[in-house]
Protein chains: 4
Amino acid sequence: MPTPEPGPGPTPEPEPTPGPQSGPEPDGGTGPGPGARTLPDASRRSERSRRAIFDAALALVTENGYAKTTVEGIAARAGVGKQTIYRWWPSRAAVLLDAFLDLQARAAEAMGGDAGSEIPDTGDLAADLKHVLRATVDEMNAPAFEGPTRALAAEGITDPDLGARFTEALLEPQLQHYVRRIEAAREAGDVDPGTDPRLAVELLVGPLHHRWIHRTLPLTHAYADALVDHVLHGLAPRS
Amino acid sequence: MPTPEPGPGPTPEPEPTPGPQSGPEPDGGTGPGPGARTLPDASRRSERSRRAIFDAALALVTENGYAKTTVEGIAARAGVGKQTIYRWWPSRAAVLLDAFLDLQARAAEAMGGDAGSEIPDTGDLAADLKHVLRATVDEMNAPAFEGPTRALAAEGITDPDLGARFTEALLEPQLQHYVRRIEAAREAGDVDPGTDPRLAVELLVGPLHHRWIHRTLPLTHAYADALVDHVLHGLAPRS
Amino acid sequence: MPTPEPGPGPTPEPEPTPGPQSGPEPDGGTGPGPGARTLPDASRRSERSRRAIFDAALALVTENGYAKTTVEGIAARAGVGKQTIYRWWPSRAAVLLDAFLDLQARAAEAMGGDAGSEIPDTGDLAADLKHVLRATVDEMNAPAFEGPTRALAAEGITDPDLGARFTEALLEPQLQHYVRRIEAAREAGDVDPGTDPRLAVELLVGPLHHRWIHRTLPLTHAYADALVDHVLHGLAPRS
Amino acid sequence: MPTPEPGPGPTPEPEPTPGPQSGPEPDGGTGPGPGARTLPDASRRSERSRRAIFDAALALVTENGYAKTTVEGIAARAGVGKQTIYRWWPSRAAVLLDAFLDLQARAAEAMGGDAGSEIPDTGDLAADLKHVLRATVDEMNAPAFEGPTRALAAEGITDPDLGARFTEALLEPQLQHYVRRIEAAREAGDVDPGTDPRLAVELLVGPLHHRWIHRTLPLTHAYADALVDHVLHGLAPRS
DNA sequence: GGTTAAGCGAGACGGTACGTCGGGTCTTTTT
DNA sequence: AAAAAGACCCGACGTACCGTCTCGCTTAACC
């Protein structure tokens, strides 16, 4: 997962969370209904506090792990009142997710443009996929990413809403990059025309995640290469 | 994964956990050494309480979810003192893991013999794999199994020790069934002799788990079939 | 305490509190000195808000009791910003005190003139005192007055500043009415010439307040009468 | 109020509060009714914690005043969990009341016997009353007693339940001492046979409390003497 | 068969963190 | 320039559980 920016277009920061329900605006936009809970006014939000909260959350998760990261601790470290966290996020996990998305977005922006996240197309499909999968392997092994990512994945397994946000904002965009590259390969005749790109992607990414999540066997570049080789062999144009 | 019993041999119930370190006996067995923490005497353990704790834990996880399942709640529901839990398990997750293993073992026993957990070998590799993968899909979609399994998977992602126990006791035995079936197929000439059975298993199971964990797309029998077809195509003997 | 207006003369409304120090003007009047905290300009004060705050404060104390009456609640009910309260009063109790004084003043004005608050002098001292003490008893038993008065008394016990304001603005003027009536009686020869009017007043009022504050025994007209009889008997001209 | 022990008989310490409802056992003793909330088991109560809480509460009230004394602060100072306070008392004020009662009881015990709290009967009623009233004046002026007493009185004004407890445990026993002394005087012919002892007591104590509560004029021995003289003059036997 | 010692139900205890409330300050926009 | 609005930092609230620590009580195992 070489830190792709979460969407196809450029992401102007800040991207303020619209309300305490970390996610899309729950109110239909037809105005505050009778039962509508009074949402805070996002235009008055303190950008300073928002950044401090993100920084504190990421630092604490990295230092102490997710289980020992508390809302109270984040607030104290950020020099912020607890209420300022509860005003804008519904849970500790939601804070961390937004913090992580923010981190990804800034990293992508720093890398310059969105081109960095697209899978290159050198004409050699195997080489291109190996390049990206190896980068993903490296990222999964990097301590700085491992902590937050494991925490979010774990929370997403249990909490469907958060899992949906996680999948939508982080996972799917990545998978789509693979899908596009394989579609291009199909049009170029590098894989069988009947290939289902989505399934192909899952054949590549699924085993990788499986090892990472369950820590069954070490994640190496060699494993990434072997995966690509086997999958592409199965997808080769049939006679 | 149709509830295989965790080991190759018959498992006589009860299989009492030997100490508060949920796992193999940490003390060498040469008697309580000078610095050894006094472990409880497993022979005096109340089987009645152990079962009540398992039942309560599974019931509460199913009813309220893992996050709302507390040690205090389990103790109260089981009619047991808190200390009786802390005496035998180091954490809430360890209790749930043992409860789940117990459940699996009883289910396997009820199904009769250990043969039920081995992958059948009808000579048709694709059919055999589809049969088992479809069963796994059904299990993943079954609410009674989903709750505890998600909870354990999530906890295992974060807690390496528990994850190791989970992998070792539940996951690996299952994977080994696949490995043995594919090795048999290799010897029968049904797949390429250069096939790595372990990688092949991960190509089958990884995508399935990926969909289950991240809830990206629905888990269906058709998906299981497609997985088997694509993987076996890639493993076909290279003429 | 039949709602006497707080001073001997007519009180033209409004009587805006001059500054956030609820009390007499702390600034010497020579204008804002160099180190003087910048006080708000009372001439620009919104009479509308002031009245709304008083109404809200009294309503909330009556409805929910003093303990549950918050500055935030008063502001919300009055349709006023919190700062508008903090700008003009130093504490919740000060707001309530001013609100109560305002209520008293309006009640007195409504009763017409200031004569209503003076103790009548019919020539029969005992009858006059009984008349007024019975009215005081009735007021103490009236729920509408009991709530705010208890709250203010309680706060005054703890907070010396507020207690001084309370005593000065509400209590002393009442006591002075008694003092004047007893002085008149002394001049008329109805009580012993050596009588200390102040002490006499406290002998009448002290026991009444004692019962009210500590709720030891019921406050009745009979008790008021008995008090007057005993006290006057002790004050009777000595042969 | 020369620290009388709260009852006529000897008070064996400890006198544990029976439950979280600071007061007499609310359950009739007919067994736990269906709606009965589970009360803590007083026999397992930690005397050590109880004393530490009392000491901390009194120290904090004396040092910082009642308004700045928090449950959290008491718990921290006493080295006790907050829940241990909430388990046994319903409110901060109830803690302070029990702490104060405990203080009184210990002081009385230290003074030896219960005789110290009875009003002496030397045959000279005026002298006896002056002696006790002067002691009361001294106590009211003593800073160590003033803080907690004002706090409790204030809270009792607002909270009827606490006020009842305060009156019953502290005030009434004192008043009864006066009542008994005056009854003795009546039987001895020192006061008019028609005298109502209760009213006489309130004539003595009411004005004292009035000055103390409202801080109108200083509380002196001279005032105490004057009170006794005037009241006794009114009660003199009507020849 | 009586003693002893462990497991056990129960739950009080010192703590940590929760999520909420409100205090008092500050800033932005409106009147 | 005061006022309405409300976000902010902060402290305390009362609650829920944590994991530890006694209490009696029961129940073996060993005298």
Side-chain angles (χ1 to χ4, degrees), chain A residues 38 40-46 48-49 52 68-76 78-88 90-92, chain B residues 38 40-50 52 68-76 78-88 90-92, chain C residues 38 40-46 48-50 52 68-76 78-88 90-92, chain D residues 38-46 48-49 52 68-76 78-88 90-92:
Chain A
T38 322
D41 180 351
S43 71
R44 286 181 177 273
R45 185 169 184 180
S46 162
R48 199 178 181 292
S49 298
K68 289 182 188 168
T69 300
T70 66
V71 172
E72 222 153 55
I74 295 172
V80 144
K82 274 201 289 181
Q83 199 61 42
T84 300
I85 295 182
Y86 285 112
R87 181 153 38 229
W88 300 109
S91 71
R92 179 179 57 146
Chain B
T38 324
D41 180 352
S43 72
R44 306 190 121 213
R45 184 170 185 181
S46 161
E47 175 63 12
R48 199 177 181 291
S49 298
R50 187 171 149 275
K68 288 183 189 168
T69 300
T70 67
V71 172
E72 231 158 47
I74 295 172
V80 143
K82 277 201 291 178
Q83 195 65 3
T84 301
I85 295 182
Y86 284 112
R87 184 154 33 230
W88 301 108
S91 71
R92 177 179 57 148
Chain C
T38 323
D41 181 351
S43 71
R44 295 183 141 249
R45 184 170 186 180
S46 160
R48 201 176 179 290
S49 298
R50 188 170 148 274
K68 290 184 189 168
T69 300
T70 67
V71 172
E72 228 158 49
I74 296 172
V80 143
K82 277 203 288 181
Q83 196 60 31
T84 301
I85 294 181
Y86 284 113
R87 182 152 36 228
W88 300 107
S91 71
R92 177 180 58 148
Chain D
T38 321
L39 293 180
D41 180 350
S43 71
R44 288 183 179 276
R45 185 170 184 180
S46 163
R48 199 180 181 291
S49 298
K68 289 183 190 170
T69 300
T70 66
V71 172
E72 221 154 56
I74 296 172
V80 143
K82 274 201 290 183
Q83 199 62 40
T84 300
I85 296 182
Y86 285 113
R87 179 152 41 228
W88 300 108
S91 71
R92 177 179 59 147

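Naming convention: chains lettered A, B, ... in sequence-line order (proteins, then strands); numbering from 1 in each chain. All values below were derived from every heavy atom in this structure, side-chain atoms included, with hydrogens, water molecules and symmetry-related copies excluded.
- Remark: Ala78(A) pairs with Ala52(A), Ile53(A), Ala56(A), Val80(A) by the side chain to side chain contact (heavy atoms under 4.5 Å, CB included) rule, at least two apart or across chains.
- Checking side-chain atoms of Arg87(B) against main-chain N and O of Pro40(B) turns up no donor-acceptor pair under 3.5 Å.
- The CZ-C1' distance, from Arg87(D) to dG15(E), rounds to 12 Å in whole Å.
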Taking N or O atoms only and anything under 3.5 Å, show me the protein contacts with nucleotides 19-21 of chain E, one pair per line.
unit_1, atom_1, unit_2, atom_2, d
dG19(E), OP2, Tyr86(A), OH, 2.5
dG19(E), N7, Lys82(A), NZ, 2.9
dG19(E), O6, Lys82(A), NZ, 2.8
dC21(E), N4, Gln83(A), OE1, 3.3

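- Between Gly73(D) and Val80(A), the residue whose closest nucleotide on DNA chain F is further toward the 5' end is Val80(A).
- Expressed to the nearest 0.5 Å, how far CZ of Arg92(B) lies from CD1 of Ile74(B) amounts to 8.0 Å.
- Residues Gly79(B) and Lys68(C) each lie close to DNA chain E; by heavy-atom proximity, the contact nearer the 5' end of the strand is made by Gly79(B).
- What separates CZ of Arg48(D) from C1' of dT22(F) is a distance of 14 Å, to the nearest Å.
- Distances shorter than 4.0 Å separate some side-chain N or O of Trp88(C) from OP1 or OP2 on dA3(F).
- At whole-Å resolution of the value, CD1 in Ile85(C) and P in dA3(F) are 11 Å apart.
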message: Between Asp41(B) and Arg44(B), is the side chain to side chain contact (heavy atoms under 4.5 Å, CB included) condition met? List the steps.
response: CA-CA 6 Å; Asp41(B) 180 352; Arg44(B) 306 190 121 213; 3.4 Å; yes

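- Considering only residues two or more places apart in sequence or on other chains, Thr70(D) meets the side chain to side chain contact (heavy atoms under 4.5 Å, CB included) condition with Glu72(D).
- Distance Arg50(B) CZ to dC8(E) P: 12 Å, rounded to the nearest Å.
- Within the cation-pi definition used here (under 6.0 Å to the ring centroid, within 45° of the axis), Arg50(C) does not qualify as a partner of Trp88(C).
- Checking the phosphate oxygens (OP1, OP2) of dC9(F), a side-chain nitrogen or oxygen of Thr84(A) falls inside 4.0 Å.
- Between Arg44(B) and dA29(F) there is no side-chain polar atom (N or O) within less than 4.0 angstrom of OP1 or OP2.
- Here Arg45(C) does not reach the OP1 or OP2 of dA2(F): none of its side-chain N or O atoms lies under 4.0 Å away.
- Considering only the side chain of Pro40(D), dA12(E) comes nearest among dC8(E), dC8(F), dA12(E).
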Please list, pair by pair, any protein nitrogen or oxygen found under 3.5 Å from a nitrogen or oxygen in nucleotides 1-4 of chain E.
none

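- The side chain to side chain donor-acceptor pair (under 3.5 Å) check on Thr84(C) picks up nothing, with sequence neighbours excluded.
- Closest to the Ser49(C) side chain, of the nucleotides dA7(F), dA4(F), dA29(F), is dA4(F).
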